[in-house]
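What follows is a short report on a single structure.
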4 protein chains.
Amino acid sequence: MTSTSRRGHDRTEAIMRTMLELGRETGYARLSIEAVARRAGVGKHTVYRRWTSKGALLLDSLLSLHRHDLDYPDTGDVRADLRAQIHRVADLMTAPPFGPLFRALVAEAQHDPDVATALHAQFTRPQEERTVARLNTARDRGELSPDFDLDLAMAILSGPLYFRFLITREPLTHEYVDQVLDALFAGMGPR
Amino acid sequence: MTSTSRRGHDRTEAIMRTMLELGRETGYARLSIEAVARRAGVGKHTVYRRWTSKGALLLDSLLSLHRHDLDYPDTGDVRADLRAQIHRVADLMTAPPFGPLFRALVAEAQHDPDVATALHAQFTRPQEERTVARLNTARDRGELSPDFDLDLAMAILSGPLYFRFLITREPLTHEYVDQVLDALFAGMGPR
Amino acid sequence: MTSTSRRGHDRTEAIMRTMLELGRETGYARLSIEAVARRAGVGKHTVYRRWTSKGALLLDSLLSLHRHDLDYPDTGDVRADLRAQIHRVADLMTAPPFGPLFRALVAEAQHDPDVATALHAQFTRPQEERTVARLNTARDRGELSPDFDLDLAMAILSGPLYFRFLITREPLTHEYVDQVLDALFAGMGPR
Amino acid sequence: MTSTSRRGHDRTEAIMRTMLELGRETGYARLSIEAVARRAGVGKHTVYRRWTSKGALLLDSLLSLHRHDLDYPDTGDVRADLRAQIHRVADLMTAPPFGPLFRALVAEAQHDPDVATALHAQFTRPQEERTVARLNTARDRGELSPDFDLDLAMAILSGPLYFRFLITREPLTHEYVDQVLDALFAGMGPR
DNA sequence: AAATAATCGAGACGGTACGTCTCGTCTTTAC
DNA sequence: GTAAAGACGAGACGTACCGTCTCGATTATTT
């Protein structure tokens, strides 16, 4: 790796670190690219060169934090693995800095299609796919009714979580997650 | 009605109308209170006197449009009523100006607790309560298992809809609504 | 005096009193008619009904304070009377609230011809005339050269005082006044 | 001159030119920094970056016009030089744009100590000093009484001029200036 | 005593400007 | 030759006053 790209990498890191720092202090919605550049000791151009919008920087900062925290466990027990995984996601969404950052990012995505696309492609969809893959495994093993739409199942698992997170702002407790899971498997189970 | 409150009421209406108008043209996120006031032919203070933030004005404009569109039908067939009602909500969320306006409002709520509270109190919660009341009626009639948590049922109905609306941005078709409903009643039915 | 005009008079007094009060606290330039009305517990209209501008109110408040402080003494010794009188004017200009108020009024007069005219007619000119009348008496008594222009003499007495007050902002000491007077009489005395 | 300061210098010039332009059209008191920026095709920040207040901009615009118009002539005849110089100042104060601009500036100085200081330091005091220097020369040559205070003489020359300009608003004719000068030299001459 | 008229406080209203902030682009300077 | 530093035009922020206006509630005068 050349020293230039090393240097470039340093700035990238520094800017994302400052974004998270300032975000916790100021709130992710209130903060400006101008302020991030100032605090990071970096020219505004250096930020604009790397990210096209505040949302894009927000997304990268989020992923830099937790890109690998969302790998599913694999114990052989599909239902237990799902439960464990959703507990982890719920915990993540609850705690700073991920929670508020993700909240801000979803807000940003509502009026910035680029952010919406990137967020979906890099965060939401991979999660969905892994969940659906697990459900698929379970169905193959006969733990699930073969005619139940797995995308729908995934939506029924995720939807209530996001609903609480974005709309009612109630806490994402493990109990709640378990309730949803149990309800789903009750309806989804083989007859 | 006195002429003062008449006058006051006129401005209030005019400002909300302009907000909806400008929103459709410009996009709700892009628009400024300044622009709304200018277009409505009204001093900025006259807006700030009525609403504390852009979000508050957004919410009132939304409610002025559809405050009464969300009353449940009552045909005696609870499941059919629920279905009809959710279809109406899905249609509303799909079409402008309600759809984009509501999307912008949810985004605003993510960083403005006042908006979040007001949105929940004036829009989301009433919907929830009416849905839960219907489910309650159905349970009383023996159409639902007596030990199923009705708040959870409501969340399983609403969550996937909001998930599609806010996260995956797929269309809120009647088919999708029906799928969710069927899945829920399958798991929820009396054994 | 009728009770209506009594009432009216009360407000007039109250407003001018508040103007002086607020002026001392806030500075005469910073203060708004709005603030005066608010503090005086009076509708804005009640102020605008009486005065056409802030300058007009300023002038009336000034005159209400010191309308009668500027009557010349008359001891028979013209030069001593002049000296005593100018000392009094200098003292007045030095001390609040008259000094700052008068300063603000002169400033206001620079861009408001109505204020300029009123200030000149009601304050400056009467002073001038009394000074010239005294000088006239002195000339009649042979204390002054008969061919010296008395308006010019008055300007030479007043000018340096205003120059210090408005331009250099040095203190208007009795010593300075005496110097000017002595210089004037030296040049003006009969040969 | 580097191209940065070139660019900066261009804006500075353009803003001051616009200030003078707008001032003549609108009146210096009526005009806003906002209007100057708009007319000059410049962001408001670009004005605020250079001047802290309207008064400061006013002063710089004034000085940009006539910084070098006030150098004394030097013919060897001190009294004639003084007369010529004061005639020039009187003419300057009479004619737009200097006259109204200077008037507005003096008004501004009455409630803005920074403007007062700057105006005195950059305009009034240099004039004073040059006048006093001339008077000093005259005294050295025996044209003036050695015991006459020269600062006082300067005040007696300037005061009546400012008095007419600011208070009575009578025209600053050469005749008037000559009268003042003659009166001063009559009193000041060697005995 | 009732009717009429004037005055008042309160403050809404359309405007305009304030001085600050951020946007995204563009220049210059320094390492 | 790449950044930092930050100037720049643009324009929104939320606040303050302007001077005009409308409103009911007192007062005062007239009938």
Side-chain angles (χ1 to χ4, degrees), chain A residues 2-5 7-8 10-11 30-38 40-54, chain B residues 2-12 14 30-38 40-54, chain C residues 2-8 10-11 14-15 30-38 40-54, chain D residues 2-12 14-15 30-38 40-54:
Chain A
T2 69
S3 68
T4 300
S5 66
R7 184 153 60 118
D10 286 351
R11 322 268 179 191
R30 239 100 43 210
L31 104 205
S32 60
I33 290 189
E34 195 126 12
V36 172
R38 206 182 306 129
V42 135
K44 284 164 67 175
H45 226 56
T46 306
V47 180
Y48 281 110
R49 203 176 290 126
R50 287 168 167 74
W51 295 278
T52 53
S53 68
K54 194 173 95 175
Chain B
T2 69
S3 67
T4 299
S5 64
R6 185 90 279 277
R7 185 159 57 123
H9 187 252
D10 285 353
R11 321 278 173 174
T12 305
R30 238 97 45 209
L31 108 204
S32 61
I33 290 189
E34 193 130 10
V36 172
R38 205 183 303 128
V42 135
K44 284 165 66 174
H45 213 54
T46 304
V47 180
Y48 283 110
R49 201 180 288 125
R50 288 168 167 72
W51 295 279
T52 51
S53 68
K54 199 173 92 174
Chain C
T2 69
S3 65
T4 299
S5 63
R6 183 90 276 278
R7 181 158 60 124
D10 285 353
R11 321 274 175 181
I15 292 165
R30 240 98 45 208
L31 105 204
S32 60
I33 290 188
E34 195 129 10
V36 172
R38 205 184 306 129
V42 135
K44 284 165 67 175
H45 226 56
T46 305
V47 180
Y48 282 109
R49 203 177 289 125
R50 286 167 168 74
W51 295 278
T52 53
S53 68
K54 195 173 96 175
Chain D
T2 69
S3 66
T4 299
S5 61
R6 186 89 280 277
R7 182 161 59 125
H9 187 251
D10 285 352
R11 322 278 175 175
T12 304
I15 292 165
R30 238 100 42 210
L31 106 202
S32 60
I33 290 188
E34 192 130 13
V36 172
R38 205 184 304 128
V42 135
K44 284 164 66 174
H45 217 53
T46 304
V47 181
Y48 281 109
R49 202 178 291 124
R50 286 168 168 71
W51 295 279
T52 52
S53 68
K54 198 173 92 173

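Each chain gets a letter, A, B and so on, in the order its sequence line appears, and its residues count up from 1.
The CD1-P distance, from C/Ile33 to F/dC17, rounds to 12 Å in whole Å. Residue C/Leu31 contributes atom CG, which lies 14 Å from atom C1' of F/dC18 at whole-angstrom precision. Atom CZ in C/Arg11 sits about 8 Å away from atom C1' in E/dT7, given to the nearest Å.
Remark: B/Lys44 engages B/Glu34 in a salt bridge (charged side-chain N to carboxylate O under 4.0 Å, His left out) (not counting sequence neighbours). In this structure C/Arg49 satisfies the side chain to side chain contact (heavy atoms under 4.5 Å, CB included) test together with C/His45, C/Thr46, sequence neighbours excluded. With sequence neighbours left out, the side chain to side chain contact (heavy atoms under 4.5 Å, CB included) criterion links D/Leu31 to D/Met19, D/Leu22, D/Val36, D/Lys54. Every side chain to side chain contact (heavy atoms under 4.5 Å, CB included) that D/Ser53 has, sequence neighbours left out, goes to D/Ala56, D/Asp112, D/Val115.
Residue B/Arg50 places at least one side-chain N or O under 4.0 Å from the OP1 or OP2 atom of E/dC13.
Of all the residues in residues 41-48 of chain A, A/Lys44, A/His45, A/Tyr48 reach under 4.0 Å from DNA chain E with at least one non-hydrogen atom.
At a threshold of 4.0 angstrom between heavy atoms, the contacts of A/Arg30 with the nucleic acid are absent.
Considering only the side chain of B/Glu34, F/dA12 comes nearest among F/dG9, F/dA12, E/dC23.
Two end axes, each from the C1' atoms of five base pairs, can be drawn for the helix from E/dA1-F/dT31 to E/dC31-F/dG1; they diverge by 20°, to 10 degrees.
Across the interface with DNA chain F, nearest-nucleotide mapping of B/Arg38 and D/Arg49 shows D/Arg49 to be the residue nearer the 5′ end.
To the nearest 0.5 angstrom, B/Ile33 atom CD1 is 9.5 Å from B/Trp51 atom CH2.
Here the shortest heavy-atom pairing between C/Ala14 and C/Ala40 reads O-CB, 4.4 Å.
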